[in-house]
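Notes follow once the structure below has been shown.
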Amino acid sequence: MEERNLICTACPMGCRLVVKMEGDQVLQIAGNRCRRGESFGRQEAIAPQRMVASTVRVLNGFHPLLPVYTKGTVPKKKIAEVLAEIRKVQIAAPVANKTVIIKNILGTGVDVVASRDMPAKA
Amino acid sequence: MQEKFDFIVIGGGVVGSMIARWLSRYEASVLLIEKEADIGMGCSSANTAIVHAGYDPMPGSLKAKMNVRGNPMWDQLAGELNFAFERRGDYVVAIGDEEIPLVEKLMEQGKKNGVPGMIMLNGAEVRAREKNINPEVAGALWASTGGICDPFQVTVAAAENAVMNGVKVMLNTAFLGFITEGNRIIGVRTNHGDFLARWTINSAGMYSDDVMHKAGVRPEFLIKARRGEYFVFDRADIQIDNVLFPVPSSKGKGILVTTTVHGNTVVGPTGTVIDDKEDSSTSTEGLQELADGAKKLIPGLNLKYAIATFSGLRPMGNAPTKTPGLNYNADYIIEIPEDVQGFVNLGGIESPGLTSAPAIAEMVVDLLKDAGEPLVEKKDWDPIRPARPRFRDMTHKERQLLCEMDPRFGRVICRCENVTEGEIIAEVHAPIPAITYDAIKRRTWLGTGRCQGGFDMPRVVNILARELGISPTEVTKRGHGSEYLYRPTKEVED
Amino acid sequence: MLAKNIYDVVVIGSGPGGVAAAIAAKQAGADDVLVIERDVEPGGILVQCIHNGFGLTSLKEDLPGPGYAQYYLDQAKALGVEFLLDTMVLDVTSQRKLYLSSQEHGYVDLEARALVMAMGCRERTRAQIRIPGMRPNGVFTAGTAQRWVNVEGWMPGKKFVILGSGDIGMIMARRLTFEGAKVERVLEIQSYLSGLTRNYVQCLQDYDIPLQLNYTIKRIMGKNRVEAIEAVQVDQRWNFVPGTEEIIPCDTLLLSVGLIPENELSRKAGVILDPVTGGPFVDETFQTNVPGVFAAGNVVHVYDLVDWVTEAGFGAGKGAAKFALAQKAAEQRYTPVKAGRNVRYVVPHKLDKQTLEQEEVHLQMRVTKPIEEDVWIEVHGENNSIVRRSERYVRPGEMVTVVLRPAHYAEVCKAGTLTIDIYPKSEA
């Protein structure tokens with residue numbers, strides 16, 4: 001049996017959760033002050049998810065980089081791989097806001113999209 | 001074939017630059033070598049910026065003579081070289097009756113040195129002229145010939161005028177040793193090659209002792225670094241319009257509270273002797289000393305309005321004076337040594353070095369003439385270094401015309417001090433090019449305001465890269481080894 | 001030269017506060033709304049905040065900074081808000097006259113019927129917290145580093161220490177780690193986290209970046225570039241605890257030690273600042289003590305969520321538009337009165353139509369030369385004659401008067417300018 005200490009980020013309160021686990025089964029969650037904390041603790045203990053924001057290189061753009069983000073969360077343990085995939089990308093300007101840059105990144109079902117319009121260099 | 005000059009000046013501080021400028025008046029080839037990436041990066045750009053009246057140096061010393069000869073030269077110099085200079089006058093303030101005799105003694109000393117325009121004021125008169133002064137003020141010495149300037153501007157203006165008149169300036173060029181023939185110095189070795197000269201002049205500031213030792217001159221002469229720390233206050237919050245000295249102590253002139261030509265109030269310097277000639281760091285103790293010292297003169301000065309601190313190293317020498325009968329062991333060395341030919345030796349030019357610089361240059365020329373140098377005046381010597389536009393000092397109409405003339409003067413890069421892209425570009429392409437961030441900062445005053453470069457830094461890096469035709473990763477703060485940027489954000493493994 | 005030199009509402013700053021104010025001003029009926037931005041593109045600080053967390057309350061979406069900015073910028077543009085980019089406002093008077101400068105337009109001035117200050121904040125600097133040491137390169141505020149990494153595309157270091165556990169510092173810790181740099185430590189002088197807990201978890205904890213509370217920096221080491229920092233523990237009074245010093249080798253120190261509302265321009269306009277917030281004293285419409293000068297966003301006080309900045313901007317913009325429209329109405333009440341043929345001058349130079357509605361207005365004038373025959377004295381607009389009377393002669397030495405009455409009000413309203421002509425009847 002394992003006890004994990006987590007900070008809940010479902011709301012700004014930041015309750016300290018103690019999650020009792022057996023393997024990858026959650027036995028008990030303590031320290032949450034609401035329901036959302038319980039479901040957060042469960043998810044976070046078994047398969048923590050994160051949104052990832054980064055930049056990709058742009059050719060002939062107003063700026064050399066285009067900010068992008070995952071439109072949804074991806075497994076925390078895949079973040080390094082996600083970043084490596086993003087690093088490979090080079091896209092030509094102009095790019096429209098919300099354009100899908102990488103579809104279904106690493107099979108997560110989540111797209112990486114442009115965070116803004118990026119016009120071509122004047 | 002080595003390049004041959006009539007004169008080589010070692011060191012591009014205010015003294016070296018003035019000497020080069022004075023020599024540029026004559027039909028002679030002059031080379032000025034400076035080890036840093038810009039002119040005047042040593043003591044010349046980190047001092048209190050005061051043009052001293054001359055009551056402080058020991059009567060009879062060379063220091064006193066140079067101070068009092070140099071002081072009146074500044075009006076003409078400022079007009080010719082177009083740098084900021086104001087003859088504000090200065091006060092030495094006695095706090096408490098017990099300090100009055102000390103101030104009176106200074107006045108006596110000043111009279112002995114030949115300083116004009118001094119009077120004693122009582123407490124009420126001082127309070128009337130400086131409303132923030134410590135209410136326990138008992139009186140003050142008022143010296144009307146004291147002045148303030150921008151010492152870096154002075155240095156670069158003198159160096160630029162020298163270049164305009166044919167002097168060659170080599171930056172990033174370090175003196176390594178002399179080339180000799182018997183007991184005659186015939187040239188110098190540098191990291192950029194060897195250069196021959198009929199005369200070599202030592203104005204190497206902090207390292208003038210090392211230089212003269214290499215010439216076999218004055219092995220007992222030693223320079224120690226005296227560090228002075230300063231606070232700079234926000235113009236909008238603190239306005240002291242006067243130059244205020246405390247009574248001097250054995251450590252020196254003390255911690256001043258003074259206005260500057262840029263309108264800021266500056267407090268300093270401290271005066272700690274340190275071992276490391278390169279350690280211009282600020283220290284917790286030093287800053288505390290400043291806070292206490294400032295409060296002696298202006299009790300209401302609140303540290304929270306300080307927007308910057310800096311520190312400067314002064315070369316403190318141990319040369320005994322050449323004046324017969326005078327017991328003084330920290331005088332200036334300005335001489336042509338007897339046993340070494342082709343060498344003009346300077347050393348220990350600490351305060352009042354800035355004030356004395358034009359007088360020292362004049363004395364060096366006199367020494368050369370006395371030694372038989374046929375210095376023939378150039379017919380076309382131009383003493384004027386034209387001023388470059390300063391957007392922030394201009395009226396609305398002047399700004400409009402400036403922008404019409406060159407639209408790049410319309411693009412404001414430093415928000416706090418209103419410095420424009422046009423001005424930055426002008427400095428990059430000036431006779432002494434400014435190619436580092438700090439060089440631009442010293443010349444334009446950019447980045448010295450409230451945000452301390454927060455807004456302008458990335459923009460200045462881009463402008464420098466573009467104007468110099470280099471990658472932004474090659475742009476430095478103060479020369480090689482102080483680059484800003486390492487690599488592009490997206491480093492891709494191919 | 002600018003196309004216009006008077007606007008209903010001028011907004012200084014195109015960050016979230018300024019753009020929201022511009023939108024609200026347009027929606028509240030302001031005819032021309034201009035946003036002046038010193039950077040090359042609009043969006044303010046949001047342009048470089050590429051992480052998520054913006055719009056959760058106001059847009060019910062989790063957007064990165066640029067996306068949040070884009071949403072409102074699109075709205076502003078669709079409403080016809082004008083933008084002046086790469087333009088610095090250098091001075092503002094209490095009469096709402098602005099002096100600006102740009103490469104494109106040069107040095108120009110313009111007037112605003114109402115002004116919204118939305119200049120945001122600057123970051124606290126090393127000099128203000130007085131960290132001893134030399135002045136090597138590699139000491140940057142977190143925001144400056146963020147601009148380089150995210151917008152300009154450069155890494156300003158390899159090994160970082162961050163002072164301050166504010167959100168900007170923590171966000172940058174993660175960002176730098178993502179781009180291959182090493183963040184050695186985050187130091188916080190207080191005994192508590194300065195920023196949001198969520199950021200502690202997702203920026204520091206997730207990447208095993210150690211946070212030390214009750215720690216600060218005693219000294220920066222290095223001459224040309226940072227070589228290390230000396231960290232030290234502090235007690236409750238922020239005094240160094242001897243023996244706790246630790247030298248941490250690094251090449252870059254990022255400072256995330258506080259934001260200061262940027263009110264230099266506000267001061268120039270005569271706005272009074274609250275020393276506690278660092279921003280202007282404002283009422284519930286975000287109007288400052290100077291009539292017609294409003295303030296919105298971080299320039300008033302430091303906000304935690306951008307959604308509230310947008311809300312404040314809406315409020316200020318609405319107030320500004322209301323003020324501007326009242327100003328315009330007041331201006332339009334006045335009709336200029338001009339000297340026409342043979343008239344040297346007329347007093348008054350302008351008249352308030354509202355006055356004429358109730359009372360007579362006397363126009364007094366002198367002629368340029370004598371006319372020794374019957375003359376018409378005529379007051380007219382561009383297309384209408386309003387009143388005409390005759391005199392047997394006119395001479396420069398004798399003042400001439402024409403009376404406008406309430407009965408003339410309707411005709412006067414049709415005119416843009418009133419002109420008075422005096423001419424011989426024989427020429428009519």
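These numbers come from the heavy atoms of this one structure, side chains and all, not from hydrogens, waters or symmetry mates. Since this is a predicted model, take the numbers as computed values, not measurements. Naming: A, B, ... by sequence-line order, numbering from 1 per chain.
With C/Gln70 contributing its side chain and A/Asp117 its backbone, the two residues share a donor-acceptor pair below 3.5 Å.
Summarising the geometry of A/Arg87 relative to C/Phe178, their closest heavy-atom pair is NH2-O, 2.8 Å, with the distance given to 0.1 Å. Between C/His51 and A/Ala53 the shortest heavy-atom distance is CA-CB, 3.8 Å. Of all heavy-atom pairs between A/Leu65 and C/Val149, the closest is CD1-O, 3.4 Å.
The part of C/Tyr207 that comes within reach of chain A is its side chain, from C-beta onward, which places non-hydrogen atoms under 4.5 angstrom from that chain. Contacts of C/Asp62 with chain A are made by both backbone and side-chain atoms, with heavy-atom separations under 4.5 Å. Looking at A/Leu83, the atoms closer than 4.5 Å to chain C (heavy atoms on both sides) all sit in the side chain, from C-beta outward. With a 4.5 angstrom heavy-atom cutoff, C/Tyr200 touches chain A only via side-chain atoms. Looking at A/Ile79, only its side chain comes within 4.5 Å of chain C, counting heavy atoms on both sides.
For the pair A/Asn97/C/Tyr71, no side-chain contact is recorded, criterion being any heavy-atom separation below 4.5 Å from C-beta on. C/Asn52 has its side chain out of reach of A/Arg50: every pair of non-hydrogen atoms, C-beta onward, lies at least 4.5 Å apart. At least one side-chain heavy atom of A/Ser54 sits less than 4.5 Å from a side-chain heavy atom of C/Glu179. Taking the side chain as every heavy atom from C-beta outward, C/Ile50 and A/Thr55 approach each other to under 4.5 Å. Using a 4.5 Å heavy-atom cutoff, the side chains of A/Arg16 and C/Thr197 are in contact.
Considering only heavy-atom pairs separated by less than 4.5 Å from chain A, the leading option among C/Asp74, C/Leu56, C/Val201 is C/Val201. For the options C/Pro66, C/Ala69, C/Gly153, heavy-atom pairs under 4.5 Å to chain A are most numerous at C/Pro66.
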(message) side chain to side chain contact (heavy atoms under 4.5 Å, CB included), that's the test. Do A/Lys76 and C/Gln202 meet it? Break it down for me.
(response) CA-CA 10 Å; A/Lys76 180 174 150 192; C/Gln202 296 179 354; over 6 Å; no
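No side-chain donor from either of C/Glu152 and A/His63 sits under 3.5 Å from a side-chain acceptor of the other.
Note that OG of A/Ser115 and CG of C/Asn150 are 10.0 Å apart. Values are rounded to the nearest 0.5 Å. How far NZ of A/Lys71 is from CD of C/Glu61: 5.0 Å, rounded to the nearest 0.5 Å.
Other residues, nucleotides and ligands place more than 12 heavy atoms under 6.0 Å from the CG atom of A/Asn60.
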